[in-house]
Amino acid sequence: MPNDPDVRPEYEDIQVDIENDYSTIFIGYPIWWGQEPRIMDTFVESYNFEGKTIIPFCTSGSSGIESSSANLVEKAGTGNWLSGNRFSGSATEDEIKNWISGLEID
Ligand SMILES: Cc1cc2nc3c(=O)[nH]c(=O)nc-3n(C[C@H](O)[C@H](O)[C@H](O)COP(=O)(O)O)c2cc1C
């Protein structure tokens, strides 16, 4: 079934100890059909984000981030999630740096 919300594609071991080595995590993805790609669900369901700040960001043609970030918050179940940001595929480095410098993170 195309666009099945229940599929959980696997990803390769990223060789990073997210739970022990990081307190702030940026999670970036493209918007597909108004949502996060399902592999992002696999990712957020794989970790305990308790005590961490999570900042989602996405690229898209025009869709906003709200629906996908709400999904990720729900699927993760843990973590202090900031509202995040949507960028166009042609976002510049300056645009991204400005966004990061305006975030209230350590
Ligand atoms: C399968 C697929 C579905 C997509 N669905 C949407 C969508 O619903 N809304 C949207 O704004 N962009 C959509 N896009 C565009 C992507 O979000 C965009 O290509 C991606 O963020 C990367 O940007 P770039 O192609 O400019 O590099 C889709 C792209 C693909 C491949």
Side-chain angles (χ1 to χ4, degrees):
M1 172 182 164
N3 201 14
D4 180 348
D6 296 327
V7 295
R8 290 294 181 273
E10 291 179 15
Y11 56 87
E12 287 182 24
D13 184 352
I14 56 173
Q15 309 277 334
V16 170
D17 190 347
I18 285 184
E19 290 181 356
N20 292 308
D21 293 347
Y22 295 89
S23 56
T24 301
I25 300 168
F26 286 79
I27 295 182
Y29 53 90
I31 296 291
W32 285 355
W33 313 123
Q35 296 292 326
E36 73 283 13
R38 296 277 88 87
I39 197 167
M40 302 310 299
D41 298 342
T42 316
F43 181 81
V44 300
E45 286 170 354
S46 303
Y47 295 102
N48 179 356
F49 295 116
E50 222 169 300
K52 300 184 192 303
T53 299
I54 317 293
I55 305 140
F57 65 99
C58 69
T59 56
S60 77
S62 62
S63 300
I65 194 172
E66 295 75 15
S67 173
S68 61
S69 58
N71 275 341
L72 290 170
V73 170
E74 189 206 319
K75 295 196 162 95
T78 53
N80 170 32
W81 287 70
L82 304 194
S83 54
N85 203 41
R86 175 261 166 193
F87 295 95
S88 74
S90 57
T92 62
E93 194 173 331
D94 275 353
E95 202 179 330
I96 293 162
K97 281 183 175 162
N98 285 341
W99 170 60
I100 292 172
S101 63
L103 292 171
E104 292 185 10
I105 53 174
D106 299 332

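FYI, the numbering just counts along the sequence from 1. Order of listing sets the numbers, starting from 1, for every ligand and every atom in it.
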With only distance considered, is [X] within less than 3.5 Å of ligand 1 through an N or O on each side?
X   : value
S90 : no
T59 : yes
G34 : yes

Atom 17 (O) of ligand 1 protein-contacted, heavy-atom criterion under 4.0 angstrom: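 Protein heavy atom within 4.0 Å of atom 17 (O) of ligand 1: present.
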Whether F87 and F57 hold their rings parallel, tilted or perpendicular, with breakpoints at 30° and 60°: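 It falls in the perpendicular class, over 60°.
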Which protein non-hydrogen atom lies closest to [atom], naming both residue and atom, and how far is it?
atom                    : result
atom 13 (C) of ligand 1 : I31 O, 3.3 Å
atom 29 (C) of ligand 1 : W32 CD1, 3.7 Å
atom 1 (C) of ligand 1  : W33 CZ2, 3.6 Å
atom 23 (O) of ligand 1 : G89 CA, 3.7 Å
atom 12 (N) of ligand 1 : G61 N, 3.1 Å

Under 3.5 Å: donor-acceptor pair, side chain of T42, backbone of P9: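 Yes; judged by distance alone, with no hydrogens or angles, the pair exists.
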Contacting atoms of ligand 1, where contact means under 4.0 angstrom from a heavy atom of S63: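 Contacts of ligand 1 toward S63, numbered from 1: 7 (C), 8 (O), 9 (N), 10 (C), 11 (O).
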Numbered atoms and elements of ligand 1 in range of S62, under 4.0 angstrom, heavy atoms: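 Matching atoms, with element in brackets: 10 (C), 11 (O).
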Minimum-distance pair of heavy atoms, taken over all atoms of E19 and K52: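 Between these two residues, the closest heavy atoms are O-NZ, 2.9 Å.
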Residue pair I27 / W81, side-chain heavy-atom distance below 4.5 Å: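 Heavy-atom side-chain distance check passes, below 4.5 Å.
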Donor-acceptor pair between Q35 and S67 side chains, under 3.5 angstrom: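 Yes, because at least one side-chain N or O of Q35 sits under 3.5 Å from a partner of the opposite role on S67.
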Neighbour count >12 (heavy atoms, 6.0 Å) for atom CH2, W99: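 Yes, the 6.0 Å shell around CH2 holds more than 12 heavy atoms from other groups.
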Neighbour count above 12 (heavy atom, 6.0 Å) for Y22 OH: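 Not more than 12 within 6.0 Å, no.
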Salt bridge E36-R38, side-chain N to carboxylate O under 4.0 Å: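 Salt bridge: yes.
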